[in-house]
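Below is one structure, written out as structure tokens; comments come after it.
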Amino acid sequence: MSTQLDLAFDGNRPPPSYDGSDALTPVEVLHWLEGWYAAGWLRLLDLEFARFLHGERPDADGRSLLLAALVSHQLGRGHVCLDLDAAQRGPERVLNLPPAEEVRPPVGHHAVETEPPVSPAELLRRLAPQNWAELPGNIISDGSTPAPLVHEAGRFYLYRYWRYEWLVAEGVVQRLDGLSEESQPAANRVRALLTELFGPVLPRDDVDWQRMACALAARQRFAVITGGPGTGKTTTVVRLLALLQALHLDAHRQNAAGVEVSGWQPLRIRLAAPTGKAAARLSESISSKVGELPLERLGGSVLQGTIPTEVVTLHRLLGGRPHVRKRRHNADNPLPLDVLVVDEASMVSLSDMADLFAALPPHARLILIGDKDQLSSVEAGSVLSELCQRAVRGHYVPSVVNWLGDTTGQTVPSEIQDASGRPLDQAVAMLRFSYRFGESSGIGCLAMAVNRGDFPAVKALLADPPEDLACIEPDHAAEQLDESMVVHGYGQYLELLNGMQAPEDPARRDAWALDILQRHRQFQVLCVVRNGPWGVAGLNASIARTLHSRGLIPGTSGWYAGRPVMVTRNNPSLRLTNGDIGLVLPLPAPGGGTILRVAFADGEGEGVRWFAPNRLDDVETVYALTVHKSQGSEFQHTVLALPSAPTPVLTRELVYTGITRASRRFTLVNPGGQALLEFAVQQRVHRSSGLGDLISRLS
């Protein structure tokens, strides 16, 4: 550590005090950052980043060091940048600031007990607008030259994340540019193909949003299709891919003067998802839908086999390598494809999306699929949410309205038309009708009420719930789930496991294991937090004790038959990815008795992969798992256990995501009562980013 920094924290002299001026010296700033770290507000990483910069640039202005720590703090909370204007207007909301009395520096080391605290909000008010790039120390630039921090349009970034945002924005705009009537397929041909895919449009039909989405996405090389659960996102993308292949075949035939040429090459299509769980679910769903396509009527037998069903993780697609940031596929070695579909795009971080755009060939189409209202990625960024921030109102310009009318035979509702719509708006389609949850569905109504932030509606639904909803408010002293619910839920797979020995024949054994795995997916407990009695650790332990007391599992720790486990780290050598869930099952041993093996469904759900327990190092028990880990999954009965007290991660988006994991029944366990639920419904995820504004500026 530098001499300057050692002097700054000389515990034998009193610390600097706030003199009421707007000046901020490095010593003063570092002193207060240490106090905030001691109070638990800043991470050690945030403090050390400011210390490192001070050591490297001793002449750096104190304001720069304060900004550096705050940018690092925001990045750790999922924000791409520090929006200084927003932070100054509402520091508690944007920065999740503690009260001033909680940030007093530690007593007896680098501060004196009687010193009055200075809150982060107080120091934020002393950061007046100025030419930040001209501050001493060269820590901040405008992006034209590399520097630890970049200032752009009132936002402060780490240089790397500023570059990520630009890479994504340029990738989107590059695919939006160059659209002309000559480059579009013929509207009448698109309409004919859509009729084959969706059937004829009848005069009294409601708007077919799936048909609209396909027509919109066929115009350009970038498209976003968003929608809630059961709106048919997978069905839409399968039909869209068939449409694109048929149009590609049409173009080939036209260039060949109508003569069939055996050398026709179909579009190279790849399908990807952020996690192994999401990839397996999409692969299973697509496999069943591809067989329903009328490919013969779209272009003949040559189209058979041109729609892929294999879905891989983004990590595998890009060629991630252990301990190396650079991917195997990048701008110098682009992906060999023409169309890429990314499902569950809400889970893709800004850095992964930047890597994706860097690896795409310039001609390639990118189609993003996901629910804009779900939780964003665990890492920094909320790319899908940014891209879809105007999706509800459509904002389609007259030329696009005409295109949609000509290609779908439907009238575009006036409320989603806008002569001043932006280029990005013309690439975003929102599916608005749920085939899973009808008007009488309690799950659907609850999800919509939570998504609107309508707590009175949420309260009314749970007070007199329909058949598919339930709400339990256990006594705080109980600290456990309803035993009968847990036994019935997990008993569905455990009773099958205990009631029949694994067959000797490998094929019948795999079928037996798949049946058990399928039944296991019918019930799942979800948590908001990891620790505490209502977190993953507490509930996994209590559920295991309950199941053991009922004779459903032989133990509560270690490896035992019936234990559900989740992979917590990518394991390329075993082809297992973070989030994959398997079950420990007893198999016949060669010399008699049984041996334990862990069964995972393969990518398409038609086979089983078996592993000895000692080959699986990074796994954990998952009778209960976090809502974040459940994304990309669906369960017949989902139980969401809220914590007993408010926490920053308990947000509207998290509750909505938990609800929408359920397909038939949803139970809310709420030990914190009505006040806690209202807090959750009203608290929104706020992630600072400039992606939407940057795309608008570049378009």
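For this chain, numbers begin at 1 and follow the sequence in order. As the structure is a computational prediction, the values presented were derived from the model and not from experiment.
In this structure, Leu375 CG and Thr651 OG1 are separated by 5.5 Å, a value rounded to the nearest 0.5 Å. Between Thr408 atom OG1 and Met212 atom CE the span is 4.0 Å, to the nearest 0.5 Å. Between atom CG of residue Leu350 and atom CZ of residue Arg687 there is a gap of 10.5 Å, rounded to the nearest 0.5 Å. Of the inter-residue distances, the one linking Leu424 atom CG with Ile695 atom CD1 reads 5.0 Å to the nearest 0.5 angstrom.
A salt bridge links Arg43 with Asp46; the closest basic N to acidic carboxylate O contact falls under 4.0 Å. The existence of a salt bridge linking Glu152 and Arg155 is excluded, since no basic side-chain nitrogen approaches an acidic carboxylate oxygen closer than 4.0 Å. For Arg393 and Asp418, the salt-bridge test fails: no basic side-chain N is under 4.0 Å from an acidic carboxylate O. We find that Asp352 and Arg327 are joined by a salt bridge, their nearest charged nitrogen and carboxylate oxygen being less than 4.0 Å apart. Glu310 has a carboxylate O that lies under 4.0 Å from a charged side-chain N of Arg316, or vice versa, which qualifies the two as a salt bridge.
Atom CD of Glu379 has 12 or fewer heavy atoms from other residues, nucleotides or ligands within 6.0 Å. With a 6.0 Å radius and a threshold of 12 heavy atoms from other residues, nucleotides or ligands, Arg697 has its CZ atom above the threshold.
The nearest pair of heavy atoms linking Ala217 to Leu240 is CB-CD2, 3.6 Å. Of all the heavy atoms in Lys372 and Ser385, the pair that sits closest is O-CB, 4.3 Å.
When atom types are taken as modelled, the side chain of Arg219 and the backbone of Ala215 share no donor-acceptor pair closer than 3.5 angstrom. Panel note: side chain Arg221, backbone Pro362; a donor-acceptor pair is recorded below 3.5 Å. Gln88 places a side-chain N or O within donor-acceptor distance of the main-chain N or O of Leu127, the cut-off being under 3.5 Å. Panel note: side chain Arg661, backbone Ser633; a donor-acceptor pair is recorded below 3.5 Å. Using modelled atom types, one side-chain atom of Arg57 and one backbone atom of Asn138 make a donor-acceptor pair closer than 3.5 Å. At distances below 3.5 Å, not a single donor-acceptor pair connects side-chain atoms of Asp693 with backbone N or O atoms of Gly690. No side-chain donor-acceptor contact under 3.5 Å links Arg77 to the backbone of His73. Panel note: side chain Glu344, backbone Pro274; no donor-acceptor pair is recorded below 3.5 Å. Counting only distance, with no hydrogens or angles, the side chain of Gln417 and the backbone of Val401 share no donor-acceptor pair below 3.5 Å. Side chain of Gln220 to main chain of Gln426: a donor-acceptor pair is present (N/O by atom type, distance under 3.5 Å, no hydrogens or angles).
Just one of Tyr157, Phe156, Trp162 meets the ring-ring contact (aromatic ring centres under 6.0 Å, His included) condition when paired with His151; it is Phe156.
Applying the salt bridge (Lys or Arg N to Asp or Glu O under 4.0 Å) test to Asp83 and every residue at least two apart in sequence or in another chain returns nothing.
A distance of 6.0 Å or more separates the ring centres of Phe49 and Phe52.
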Going through the distances and angles, do Arg163 and Tyr159 end up as a side-chain hydrogen bond (donor to acceptor under 3.5 Å, both in side chains)?
CA-CA 6 Å; Arg163 282 294 304 144; Tyr159 181 82; 4.8 Å; no
